[in-house]
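For this chain, numbers begin at 1 and follow the sequence in order.
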Amino acid sequence: MKKWLWISVLAFAFLIGCSPESSAKGKQTITVYESDANAEYVIPREVNYKKGTEEALIHFIFDEVVVEKVKLIDYQIEDGTLVLNLDDGVRLVQGSAGGQMFMGSLAESYFKNFPDVQEIVLLHNGLSKEQLDHVFIGQPITREQSFQKPK
């Protein structure tokens, strides 16, 4: 009788320990970047992320850092280049500081979380030709460019 009691207690403890509510399994903390109070540099911020696919992480980061009404149409990673295809909302990014913070928060966040990405290219509706006043469309943003405050 005692043997069955111990087996039942151990089985119950095992089941409780494996429940999704009590386990941090599948979650991680990642770093994303956002504008500082003066819109001069980007600063890091820790966020909780439920582990998923590469696509899920790409979209999660985009949604975390973009405060403008810009949608990510799609993306592609090839040969160390991340290409982000943005919708017409990118036209609403205002001012040179706004453009710098938009590009900087995206670049620093993706570089931090995707170590194999060496450059990021922004497209507008699949095109790289368009010149927007404050967002560089079609021009690579490299790891060497920094939007963080110099140390």
Side-chain angles (χ1 to χ4, degrees), residues 12-151:
F12 181 73
F14 176 76
L15 291 173
I16 289 175
C18 293
S19 71
E21 294 80 23
S22 66
S23 173
K25 184 179 180 182
K27 291 188 179 181
Q28 66 184 25
T29 300
I30 65 169
T31 303
V32 295
Y33 289 80
E34 63 189 4
S35 175
D36 66 7
N38 298 322
E40 293 180 89
Y41 302 103
V42 294
I43 55 175
R45 174 173 56 98
E46 301 292 317
V47 294
N48 292 322
Y49 170 68
K50 182 180 176 186
K51 290 183 182 178
T53 63
E54 173 186 275
E55 179 177 5
L57 182 55
I58 294 280
H59 285 278
F60 179 82
I61 291 171
F62 191 88
D63 293 341
E64 276 294 316
V65 302
V66 174
V67 295
E68 295 83 359
K69 294 183 180 184
V70 181
K71 299 274 191 258
L72 177 62
I73 297 171
D74 57 24
Y75 77 95
Q76 180 179 355
I77 297 179
E78 188 174 310
D79 297 327
T81 299
L82 170 62
V83 178
L84 301 172
N85 186 17
L86 311 175
D87 75 353
D88 285 332
V90 75
R91 292 176 183 241
L92 302 175
V93 176
Q94 296 292 313
S96 58
Q100 287 295 307
M101 294 302 95
F102 176 80
M103 293 183 300
S105 60
L106 285 172
E108 297 290 350
S109 297
Y110 285 119
F111 287 144
K112 178 73 173 180
N113 294 286
F114 289 89
D116 293 337
V117 170
Q118 298 304 310
E119 65 181 21
I120 298 171
V121 176
L122 304 177
L123 301 180
H124 175 224
N125 289 325
L127 302 174
S128 63
K129 298 177 186 176
E130 185 163 349
Q131 294 294 322
L132 299 176
D133 289 339
H134 305 293
V135 178
F136 303 139
I137 300 296
Q139 300 174 22
I141 303 167
T142 65
R143 280 190 179 273
E144 289 74 39
Q145 294 172 260
S146 179
F147 297 88
Q148 297 180 55
K149 189 173 186 172
K151 294 179 181 178

ring-ring contact (aromatic ring centres under 6.0 Å, His included) against Phe60, all qualifying residues, sequence neighbours excluded: Tyr49
Residue pair Val117 / Phe111: nearest heavy atoms and the distance that separates them: O-CD2, 3.6 Å
Closest contact, heavy atoms only, Ala39 versus Ala97: O-CB, 3.8 Å
Glu119 and Thr142 side chains, donor-acceptor separation under 3.5 Å: no
Where Asn113 and Thr31 come nearest, the two heavy atoms and their spacing: ND2-O, 2.7 Å
Spatial distance of atom NZ (Lys51) from atom CG (Leu57) [nearest 0.5 Å]: 11.5 Å
Polar side-chain atom of Glu108 near backbone of Phe147 as donor-acceptor pair, under 3.5 Å: yes
Leu123 CG to Asp74 CG distance, which is reported to the nearest 0.5 Å: 8.5 Å
Distance-minimising heavy-atom pair for Glu54 and Phe114: CG-CE2, 4.0 Å
Atom of Tyr110, atom of Ile58 and distance for their closest heavy-atom approach: OH-O, 2.7 Å
Leu72 CG to Leu84 CG distance, which is reported to the nearest 0.5 Å: 6.0 Å
Rounded distance (nearest 0.5 Å) linking atom CD1 of Ile141 with atom CD of Gln139: 9.0 Å
Student check: side-chain heavy atoms of Tyr33 and Val65 closer than 4.5 Å: no
side-chain contact (heavy atoms from CB on, under 4.5 Å) assessment of Glu68 paired with Val93: CA-CA 7 Å; Glu68 295 83 359; Val93 176; 4.0 Å; yes
Side-chain (Ser109) to main-chain (Leu106) donor-acceptor, under 3.5 angstrom: no
Gap between atom CG of Leu86 and atom CD1 of Ile73 - 0.5 Å precision: 7.0 Å
Ile77 and Asp116: CA distance, side-chain angles, deciding distance, side-chain contact (heavy atoms from CB on, under 4.5 Å) verdict: CA-CA 10 Å; Ile77 297 179; Asp116 293 337; over 6 Å; no
Pairs satisfying salt bridge (charged side-chain N to carboxylate O under 4.0 Å, His left out), at least one member in residues 31-47, at least two apart: Glu34-Arg45, Arg45-Glu64
Asp79, CG atom: more than 12 neighbouring heavy atoms under 6.0 Å: no
Nearest-0.5 Å distance, CG of residue Asn125 to CZ of residue Arg91: 7.5 Å
Option passing side-chain hydrogen bond (donor to acceptor under 3.5 Å, both in side chains) with His124 (candidates Asn85, Asp88, Asp87): Asp88
